[in-house]
Q: 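This is the structure, below, for whatever I ask next.
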Amino acid sequence: MTQETLDPPVAEPAAAVPHAIVLGTPLLKLPEDLYIPPDALEIFLEAFEGPLDLLLYLIRRQNLDILDIPIAEITRQYVDYIELMSDLRLELAAEYLVMAAMLAEIKSRMLLPRPMEEEGDEEDPRAELVRRLQEYERFKQAAENLNNMPQLGRDIFEAMAAVPALDIERPQPQVELREILLALRDVMQRAANFTHHHVQLEPLSVRERMSIVLSAVRPDSYIDFTRLFDVQEGRMGVVVTLLAILELVKESLIELVQNEMYGPIYVKAAHHEHEPTAAEENP
Amino acid sequence: MSMNLQQLKKILEAALFASTQPLTLDRLTALFAEDEAPSRDELRAALQALGEECEPRGIELKEVGSGFRMQVKKELGPWIARLWEEKPPKYSRATMETLALIAYKQPITRAEIEDVRGVAVSSHIIKSLLEREWIRVVGHRDVPGKPALFGTTRAFLDYFNLKSLDELPPLAEIRSLEDITLPPDIEETLAKVMAEHAGADEGDDESSEEIAANDEVEDADEPASAKLPA
Amino acid sequence: MSMNLQQLKKILEAALFASTQPLTLDRLTALFAEDEAPSRDELRAALQALGEECEPRGIELKEVGSGFRMQVKKELGPWIARLWEEKPPKYSRATMETLALIAYKQPITRAEIEDVRGVAVSSHIIKSLLEREWIRVVGHRDVPGKPALFGTTRAFLDYFNLKSLDELPPLAEIRSLEDITLPPDIEETLAKVMAEHAGADEGDDESSEEIAANDEVEDADEPASAKLPA
């Protein structure tokens with residue numbers, strides 16, 4: 001048996017999984033269900049929030065009654081996963097191992113002969129596991145409910161109106177430059193926590209000049225390339241402007257056009273149909 | 001002498017639209033000079049009337065955790081969302097489960113959250129919930145290590161359009177697992193996994209959607225994560 | 001087939017209140033799917049009606065240079081001003097981070113700021129910085145939605161007593177980051193940039209996407225969707 005066990009049950013309701021459970025005797029083949037192509041295991045596991053989630057899945061997938069989990073089979077399946085993980089040298093979260101130990105313990109306790117009748121008080125060794133699974137499931141559901149609630153910016157939006165210039169002075173927050181730098185440090189630190197990408201920053205002079213160049217060009221008309229330069233600024237200033245222009249071209253924010261070799265170069269903002277740029281500045 | 005209802009409503013409406021945050025009754029009262037200040041009852045009546053007048057409009061007056069605010073009606077969301085190119089945020093299951101535990105079981109420590117979820121809660125999740133100001137440290141448990149106790153904030157209520165925690169959907173009864181259905185995202189993910197890696201086999205072309213993991217927002221250092229079904 | 005006037009008005013009103021900037025007729029039209037889009041005349045008629053209905057209210061619909069916007073009626077100024085009277089406001093950490101990123105990474109879109117912060121940037125943050133005239137819209141990225149690109153202003157420099165942004169410390173000094181491109185010699189960079197982009201004459205969407213992807217700060221598990229247009 002291979003893939004079909006992992007298909008959505010809706011896909012093949014009849015064929016894939018024999019659902020019936022007769023008082024703890026599951027009418028289905030358990031161990032072979034496990035097959036997952038090795039290179040897919042990692043993705044498979046990422047779909048789960050942890051061992052409880054995985055266990056819930058294994059149990060539900062096979063329509064088992066949680067109050068009567070065939071613990072031996074489930075344990076075996078679970079441990080097979082764990083072995084697969086270590087074969088593949090996936091970094092195995094400790095929680096998965098702890099759960100394996102817990103399952104093994106339950107299993108061993110269930111194998112011990114139980115005195116009849118008089119030990120009615122003794123808890124089913126599965127009870128604690130069941131309790132945890134049920135508790136987890138409640139919050140899994142609660143999380144889903146929460147996610148479906150109206151969210152600001154997704155389902156509902158703040159309604160705001162502009163405030164016209166008032167006679168009374170509105171005090172503005174006072175800010176020290178240091179605070180901005182600290183804020184930047186913090187956000188960069190956070191960004192660095194995301195391991196795959198790095199923030200690329202051009203020298204500030206170039207960044208600043210990019211904004212200046214960008215607001216000087218328009219989407220609907222060309223201006224002469226040379227007008228963007230101010231020779232008074234000297235060599236460094238010209239280099240900064242050139243870098244800014246190249247960066248803007250790279251980001252597709254402006255277009256350079258030269259109609260003939262050695263002819264004049266013209267610049268305009270990258271095309272878009274509506275809204276001239278300049279008009280958008282401060283409402 | 002207080003002012004007439006019409007003028008009162010105008011001022012309240014203007015203030016609610018001008019403010020970037022919800023406004024409490026106290027802050028609304030503070031808009032008025034002493035000799036014109038409305039009583040609490042007058043204020044409430046005016047807000048009530050204002051709310052009713054919004055009925056045929058595109059906006060509504062809503063009381064949330066930190067006060068009254070004007071907001072776009074939910075039913076208009078699909079049009080309004082077109083104002084912005086960006087897609088609204090999606091939060092990972094890990095984040096939402098952590099948040100749900102804090103909301104329903106506050107005050108709660110990180111260890112207690114981990115106990116229920118059966119998995120470590122990454123620092124990143126806690127930090128980002130703190131950063132969003134959805135949760136805060138409300139105290140410390142008096143056990144070794146003095147772990148922080150987390151609770152939700154008014155901003156959490158505001159974000160989820162709630163006036164108080166009472167309005168959260170009640171926590172589900174403990175259920176027999178038979179009644180639990182598998183989250184569709186897992187099925188999708190699995191279907192996709194199988195389709196990608198298994199090669200040819202019988203028709204499991206059920207991998208309708210994008211794989212969940214690709215849609216993921218945040219929680220980079222959480223090993224196991226998948227989106228919530230929307 | 002276009003929709004009825006009542007629904008049209010609701011959507012327009014909601015959009016005008018939800019937007020941080022005035023909206024042009026074009027942008028208002030873009031809110032609608034093709035088959036429901038109103039004609040220019042219908043749009044104008046709806047706006048006209050909307051404006052008239054504001055008459056008894058605390059706000060008014062105004063056409064300014066760059067489009068239509070809702071604003072508080074001027075006559076209510078004395079009351080509204082008291083919203084800000086009591087305590088001098090403070091910028092939130094989110095506002096400071098947004099400002100810092102605009103200064104250091106300009107020109108930058110809101111979505112790009114959100115990518116770096118890993119957290120949504122609410123509209124009122126952008127609005128308050130625009131109103132302060134510390135940032136301005138310097139252009140639009142030529143991608144669907146034409147998101148505004150923000151840069152800092154002279155007023156920003158003046159407030160902090162800077163002659164140019166150069167006087168801000170380089171990021172490396174704030175915190176050393178790997179892979180940061182702060183070249184020792186600007187000419188070297190020039191040569192490099194020119195070599196790299198020798199082919200790039202007419203920018204197309206493809207290359208802009210690629211660049212955006214490179215610049216994004218986020219984990220693969222967290223694609224560009226931590227975006228909250230609020």
Q: Considering residues at least two apart in sequence or located in another chain, which fulfil the side-chain hydrogen bond (donor to acceptor under 3.5 Å, both in side chains) criterion with B:Glu34?
A: none

Q: Can you confirm whether B:Arg154 is buried at CZ, in the sense that more than 12 heavy atoms of other residues, nucleotides or ligands lie under 6.0 Å from that atom?
A: no

Q: How many angstroms lie between atom CD1 of B:Ile59 and atom CZ of A:Phe157, to the nearest 0.5 angstrom?
A: 15.0 Å

Q: For a quick test of reading the model, state the closest non-hydrogen atom pair linking A:Ala142 to B:Leu171 and the distance between them.
A: CB-CD1, 3.7 Å

Q: With a 4.5 Å cut-off on heavy-atom pairs, point out which of B:Gln71, B:Lys73, B:Arg69, B:Glu131 contacts chain A the most.
A: B:Gln71

Q: Does B:Leu168 reach the side chain of A:Met149, with side-chain heavy atoms less than 4.5 Å apart?
A: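 SC-SC contact between B:Leu168 and A:Met149 confirmed.
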
Q: Do B:Lys105 and A:Phe139 come close enough that some side-chain heavy atom pair is under 4.5 Å?
A: yes

Q: Please report the interatomic distance NZ(B:Lys62) to CD1(A:Ile156), rounded to the nearest 0.5 Å.
A: 7.5 Å

Q: Mind checking the CZ-OH spacing from A:Arg154 to B:Tyr91? Nearest 0.5 Å is all I need.
A: 9.0 Å

Q: How about B:Glu133: does its CD atom have over 12 heavy atoms from other parts shown lying under 6.0 Å from it?
A: no

Q: Could you tell me if the side chain of B:Phe156 sits less than 4.5 Å from the side chain of A:Leu146, heavy atoms only?
A: yes

Q: Which value, rounded to the nearest 0.5 Å, describes the distance between A:Gln151 atom CD and B:Phe160 atom CZ?
A: 4.5 Å

Q: With a 4.5 angstrom heavy-atom cut-off, which part of B:Leu162 approaches chain A: side chain, backbone, both or neither?
A: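 It is the side chain, since no backbone atom gets that close.
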
Q: With the threshold set at 4.0 Å, does a side-chain nitrogen-carboxylate oxygen contact exist between A:Glu49 and B:Arg117?
A: yes

Q: Roughly how far, to the nearest 0.5 Å, is CE of B:Met96 from NZ of A:Lys140?
A: 14.5 Å

